[in-house]
Amino acid sequence: MKHLDVKFIKGVVARDGVPSLKKKQIALLGRSNVGKSSFLNSLTQRKSLARSSKRPGKTTELNFFQVANSYYLVDLPGYGFAKQPQGLREQIEEMIEWYITDPVLPIAKFLLLIDCKVGPTEDDHMLCDLLLEHHPDELVIIGSKSDKVKRGEHHKLKRDLMMFANGAPVFLTSSKTGEGIGDIRHNIFGGNSTVKADSQVPKS
């Protein structure tokens, strides 16, 4: 797979910080430690575009990445990290809710990552319901870390995630083996991938 022409733009916490409302946004959302950084690196074929942190819950902004001067990839903070201070946890939850419910943001896709080994949590169910209410046609469910589940269980796993998704597309992916990455790239970007590297890397 080719590298995507992608670079980090900025981190934002509210709509007035969004770089532009003219470019479509592809948003990534998932609970803390679901593997968003690894998935983002695999999706873009960039080894260190997003840095995985040993401390879940470190990202506290919406990180905007520009793709081929055509889209924004938006990496939302992880949710559900119990060890975060209560105030920070509430701030992140409010930020996520704002982003999902804001009617002005031009959302092209909303990728909700679910840990294949853990399955949907209560927080995942609440976020999925909110996404189905506001973005039913844009929602895509990504089962992350599929390599952690035995190959023979993948059919049942996908079936269970399809029930959770309530009609939204479902992909099983592994940043370790590459499973599903090409399929989800095609679903999101089609043939709009170009080869170019960029050295700007946010900490997450």
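Worth saying up front: this structure is predicted, and the values here are computed from it rather than measured.
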Exercise. Hey, could you give me each pair passing ring pair (Phe, Tyr, Trp, His ring centres under 6.0 Å) that has a residue in residues 141-174? Not counting sequence neighbours.
Key: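 Sorted pair list: His125-Phe164.
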Under 3.5 Å, side chain of [X] to main-chain N/O of [Y], donor-acceptor pair present?
| X | Y | result |
| --- | --- | --- |
| Ser42 | Leu40 | no |
| Lys10 | Gly17 | yes |
| Ser144 | Val34 | yes |

Self-check item: Which atom of Val13 lies closest to which atom of Met95, heavy atoms considered
Solution: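 Nearest pair, atom of Val13 first, then Met95: O-CG, 3.8 Å.
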Quiz item: What are the two closest non-hydrogen atoms of Gly11 and Glu61, and how far apart are they?
Solution: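 What the structure gives for the nearest pair is CA-OE1, 3.7 Å.
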Quiz item: Hey, is CE on Met126 packed in by over 12 heavy atoms from elsewhere, all under 6.0 Å?
Solution: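 Counting neighbours around CE of Met126, more than 12 heavy atoms of other residues, nucleotides or ligands fall under 6.0 Å, so yes.
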Quiz item: Does NZ belonging to Lys148 count more than 12 external heavy atoms closer than 6.0 Å?
Solution: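 For Lys148, atom NZ is not crowded (no more than 12 foreign heavy atoms under 6.0 Å).
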Could you grab the distance from atom [atom1] of [X] to atom [atom2] of [Y], nearest 0.5 Å is fine?
| X | Y | atom1 | atom2 | answer |
| --- | --- | --- | --- | --- |
| Ser175 | Leu43 | OG | CG | 9.0 Å |
| Leu76 | Leu28 | CG | CG | 8.0 Å |
| Asp5 | Tyr71 | CG | OH | 12.0 Å |
| Asn166 | Cys128 | CG | SG | 7.5 Å |

Quiz prompt | ILVMFWY network linking Met163 to Val170, side-chain heavy atoms under 4.5 angstrom | solution =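 Cluster IDs for Met163 and Val170 differ.
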Practice problem: Scan Leu113, Ile184, Ile26 and name whichever one has a side-chain contact (heavy atoms from CB on, under 4.5 Å) with Val140. | Solution: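 With Val140 as partner, side-chain contact (heavy atoms from CB on, under 4.5 Å) holds for just one option, Ile184.
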Exercise. Would you check if there is a donor-acceptor pair between the side chains of Ser146 and Glu179 at a distance under 3.5 Å?
Key: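 Side-chain D/A pair, Glu179 to Ser146: present.
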Quiz item: Are Asp124 and Thr121 close enough that a side-chain donor and a side-chain acceptor fall under 3.5 Å?
Solution: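 Thr121 and Asp124 do have a side-chain donor-acceptor pair below 3.5 Å.
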Quiz item: Which side chain to side chain donor-acceptor pair (under 3.5 Å) pairs, counting each pair once, include a residue from residues 96-108, with sequence neighbours left out?
Solution: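 Every pair satisfying side chain to side chain donor-acceptor pair (under 3.5 Å) with a residue in residues 96-108: Arg15-Asp102, Gln25-Tyr99, Trp98-Asp102.
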Can I get a per-line list of side-chain donor-acceptor pairs under 3.5 Å for residues 131-138, giving both atom names and the distance, sequence neighbours left out?
{"from": "His135", "atom 1": "NE2", "to": "Ile100", "atom 2": "O", "distance (Å)": "2.8"}

Quiz item: Do Arg31 and Asp123 meet the salt-bridge criterion of a basic N to acidic O distance under 4.0 Å?
Solution: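 Answer for the salt bridge query: no.
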